[in-house]
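Structure record follows, encoded as structure tokens.
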2 protein chains.
Amino acid sequence: MTTVDHLRQVRLGNLRTVLLALVDRPGSRADLAARTGLTKATLSNLTEPLLANGILVEEPATLAGMGRPSKPLRFHPDGPVAVGAEINVSHLAVETLGLDGETLRRVLVPTDIRDATSDEVLDRVAELIREIIPARPVLGVGLAVPGVVHDGVLVRAPNLPKLVGAPLAADLGLRLNLDVELDNEANLAALAHLWPRHLAGEDFVHVSADVGIGAGVVLHGEVYRGVSGFAGELGHVVIERNGVRCTCGSRGCVERYAGLDVILREAGRRRLDSLAKALDAGDPKALSAVKAAGEALGVGLATLMNLFDVPTVVLGGSYAVLHEHLSTAIQSEMDARVLAGGERHTTLVASPLGEFAVVRGAAGLVTRRAVQQPERLFA
Amino acid sequence: MTTVDHLRQVRLGNLRTVLLALVDRPGSRADLAARTGLTKATLSNLTEPLLANGILVEEPATLAGMGRPSKPLRFHPDGPVAVGAEINVSHLAVETLGLDGETLRRVLVPTDIRDATSDEVLDRVAELIREIIPARPVLGVGLAVPGVVHDGVLVRAPNLPKLVGAPLAADLGLRLNLDVELDNEANLAALAHLWPRHLAGEDFVHVSADVGIGAGVVLHGEVYRGVSGFAGELGHVVIERNGVRCTCGSRGCVERYAGLDVILREAGRRRLDSLAKALDAGDPKALSAVKAAGEALGVGLATLMNLFDVPTVVLGGSYAVLHEHLSTAIQSEMDARVLAGGERHTTLVASPLGEFAVVRGAAGLVTRRAVQQPERLFA
DNA sequence: GCACTAAGTTCAAGCATTGAACGAATGAGG
DNA sequence: CCTCATTCGTTCAATGCTTGAACTTAGTGC
């Protein structure tokens, strides 16, 4: 490392600080200087190339009180955007997201892709992306998949075995001529609650269910993925060591008691919306199925909280839909089993993001990286 | 932050890099330059104050081959030391540790302190520390306690209720006129395997048992403590949700099946050494008690690994003593229950540190901080 | 004694931030 | 309409750390 590099690091770090402040909200140079602790001089200096490169715009002066009016800076309305894409068992989704955190467009297409080849799926995803891409620079694509990702490769996907091992990121990248980054849907759903807005603090777990149960774990403001991408496999936390046999080879996994397929079967329903209606109608079979699932999930979450010591659980995906009927059982198991559960306040909330959480997180992966490594913005 | 601060940060960062390289092993300026990526000029500059302040010494030139002989730098034999101290239910321990990672002296005194007041305990600890402190500068004291520590306060200690809430760090600090830092014994036992030598990689869990079961979790080379110090409470991971009632209010906690007290009771023994002898003699009751504990612990560890995704488990404390008879059961549960357990290699090893692991970690807390914040060395 | 090699030192150059001084743009008050 | 107060944004010399090249030092090999 040369000295130039050292100083460049300082500059990039400050650039990151400034961009983070701008993601939070727009502001004049003077305002940003106050918020970041840097000087006005440095702010002029740092923002100059951002303005020159069309990343930021200077808005017309706002007339507010005495003194020279400030000219707020914000992300350029024609500046770079990120693309998020989600490949899931029963649907595909895409979204475009600006650096300011605003969604530009989003599309969700129900599609059963269980039997499709990776080429067929990627063709379809690429087509969807092309349809929504605006006439603006594109930073890259975040691609969500329902499975374990390690070193950019899908290494485990019980529900999409055909895609395991396929070079999904590279292949989609070739189709679109863009950088593509692959990640697990649970991690990305969690990220969507962390970036660009903190919806659940800096330490939380996001839990959702489709066929499996996935938890995205956020520790100290970072998604925790573990050494090989397997972190947060809440579905295979054991709650009854001699319990029901699981496809993973273990017994008594949470997934066997609180998976969406189990809930539906026990409730005698085929689809989530039908279950939701039954619950609202007070159907006893539905209510007891959901309660049983909540209890199992609560035991697993208590274990998780005793290990990770995070204060907040966010229910996402199908669990968010059911949360009204699910929360009581979960919370009571957690209160009884989380160490010092009474004094430590454990918060259980439903995700506000709905069915677009994953794809939004996928796009967020890209905007976040752009902000954290500002040199990418000038490429 | 002034510009001076920025530059100082660069310098301190480089100082840290150099000190880390020296903890690894001594080396000449040229050698260190090569290892750290800095230039010889910078190394001369950075080491000058370290030599002037008696942190490092320059050894006589070593005659090795051609060229001007190098003068290796190492930590000064009369340089600053750290003190570790451990308060436990049945013993007190102290240790002095040099920056080079060498233990100077250590003492372990069996003492039942269950009924002692915090003043009595701290008097005793201070006395032990005074006995082993050498005539060298002291960086500070790391103090290990069997309980949950948050913001420097012991907030939960089922086995030492009298010490909960007492200002242990401050009070011991007053007695010795030194900085004292408090931490949980499980975290410190784990730290001892990470610093100053990597004994189990950068991602692992250290598990040990006394009355409770504690896990110290190391993620990406840092001890993970959670938001409120409760992380790694493996003892209260549930393995049978309708199992044995636990003192914590839950049911089926690992601790109720694999705690040392449970093992001893089931084996019909009073003490660990008696159990160890029985095991070596092939006593069936002892063997089956340990096997049962290993199975329960294995289930809990599988759950932990499915959540944290760390590749290595280190058995410490009493478990290290029993590991020969414990490992098989643990490993087989882990292989069966850790997701992709076959392909991911999960390593299970016994700690090489013996009964001084905790106190060594406590001292390591202090040397580690000194290296990571080198400005402390000049105070 | 001389060439060769490698360690360690010296020093001018380069660079990002700073703080103070300065210029710019507006509102308030007369 | 003019002047003063106020705040925004820019300019510029100063600061201090690392660098790389040149240089000095201290050995080996012949």
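Computed over heavy atoms, backbone and side chain alike; hydrogens, waters and symmetry mates excluded. Letters A, B, ... are given to chains in the order of the sequence lines, protein chains preceding strands, and every chain is numbered from 1.
Contact annotation: A:Thr42 reaches the phosphate of C:dT18 (side-chain N/O to OP1 or OP2, under 4.0 Å). Between B:Arg11 and D:dG16 there is no side-chain N or O to OP1 or OP2 distance below 4.0 Å. B:Arg8 has no side-chain polar atom (N or O) that falls below the 4.0 Å cut-off from OP1 or OP2 of D:dG16.
Atom NZ of B:Lys71 and atom P of C:dA6 are 18 Å apart (whole Å). The CD-C1' distance, from B:Gln9 to D:dC17, rounds to 13 Å in whole Å. In this structure, B:Leu43 places its CG atom 13 Å from C1' of C:dT9, rounding to the nearest Å. Between the NZ atom of B:Lys40 and the P atom of D:dA22 there is a distance of 13 Å, rounded to whole Å. Rounded to a whole Å, the CG atom of B:Leu7 is 9 Å from the C1' atom of C:dC15. Distance, B:Leu12 CG to D:dT18 C1': 14 Å, rounded to whole Å. Computed from coordinates, the A:Asn45 CG to C:dG19 P distance equals 15 Å when rounded to whole Å. One can place CG of B:Leu15 at 9 Å from P of D:dT18, the figure rounded to the nearest angstrom.
The side chain of B:Asn14 lies closest to D:dT18, out of D:dC17, C:dA16, D:dT18. Listed candidates were C:dT9, C:dT17, D:dG9. Nearest to the side chain of A:Ser70 is D:dG9.
With no hydrogens or angles considered, a side-chain donor-acceptor pair links A:Thr103 and A:Arg360 at under 3.5 Å.
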**Criterion side-chain contact (heavy atoms from CB on, under 4.5 Å) on B:Asn14 and B:Leu38, from CA distance to verdict** = CA-CA 8 Å; B:Asn14 289 337; B:Leu38 299 166; 3.7 Å; yes

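Nearest-nucleotide positions on DNA chain C for B:Ser44 and A:Val10 put B:Ser44 closer to the 5' end.
Looking at residues 26-36 of chain A, you'll see A:Ser28, A:Arg29, A:Ala30 sit with a heavy atom under 4.0 Å from some atom of DNA chain D.
Pairs engaging residues 32-43 of chain A under the salt bridge (Lys or Arg N to Asp or Glu O under 4.0 Å) rule: A:Asp31-A:Arg35 [sequence neighbours left out].
Considering all non-hydrogen atoms of both residues, A:Leu32 and A:Ala21 come closest at CD2-CB, 3.9 Å. Between A:Leu51 and A:Leu56, the closest heavy-atom pair is CD2-O, 3.6 Å.
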Every protein N/O lying under 3.5 Å from an N/O of nucleotides 25-30 of chain C:
residue: C:dA25; atom: N3; partner: A:Arg68; partner atom: N; Å: 3.3

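Applying the ring pair (Phe, Tyr, Trp, His ring centres under 6.0 Å) criterion to A:Phe204, with sequence neighbours excluded, gives no partner residue. By the ring pair (Phe, Tyr, Trp, His ring centres under 6.0 Å) test, B:Phe75 pairs with no residue at all, sequence neighbours left out. Applying the ring pair (Phe, Tyr, Trp, His ring centres under 6.0 Å) test to B:His198 and every residue at least two apart in sequence or in another chain returns nothing.
We find that B:Glu222 and B:Arg368 are joined by a salt bridge, their nearest charged nitrogen and carboxylate oxygen being less than 4.0 Å apart.
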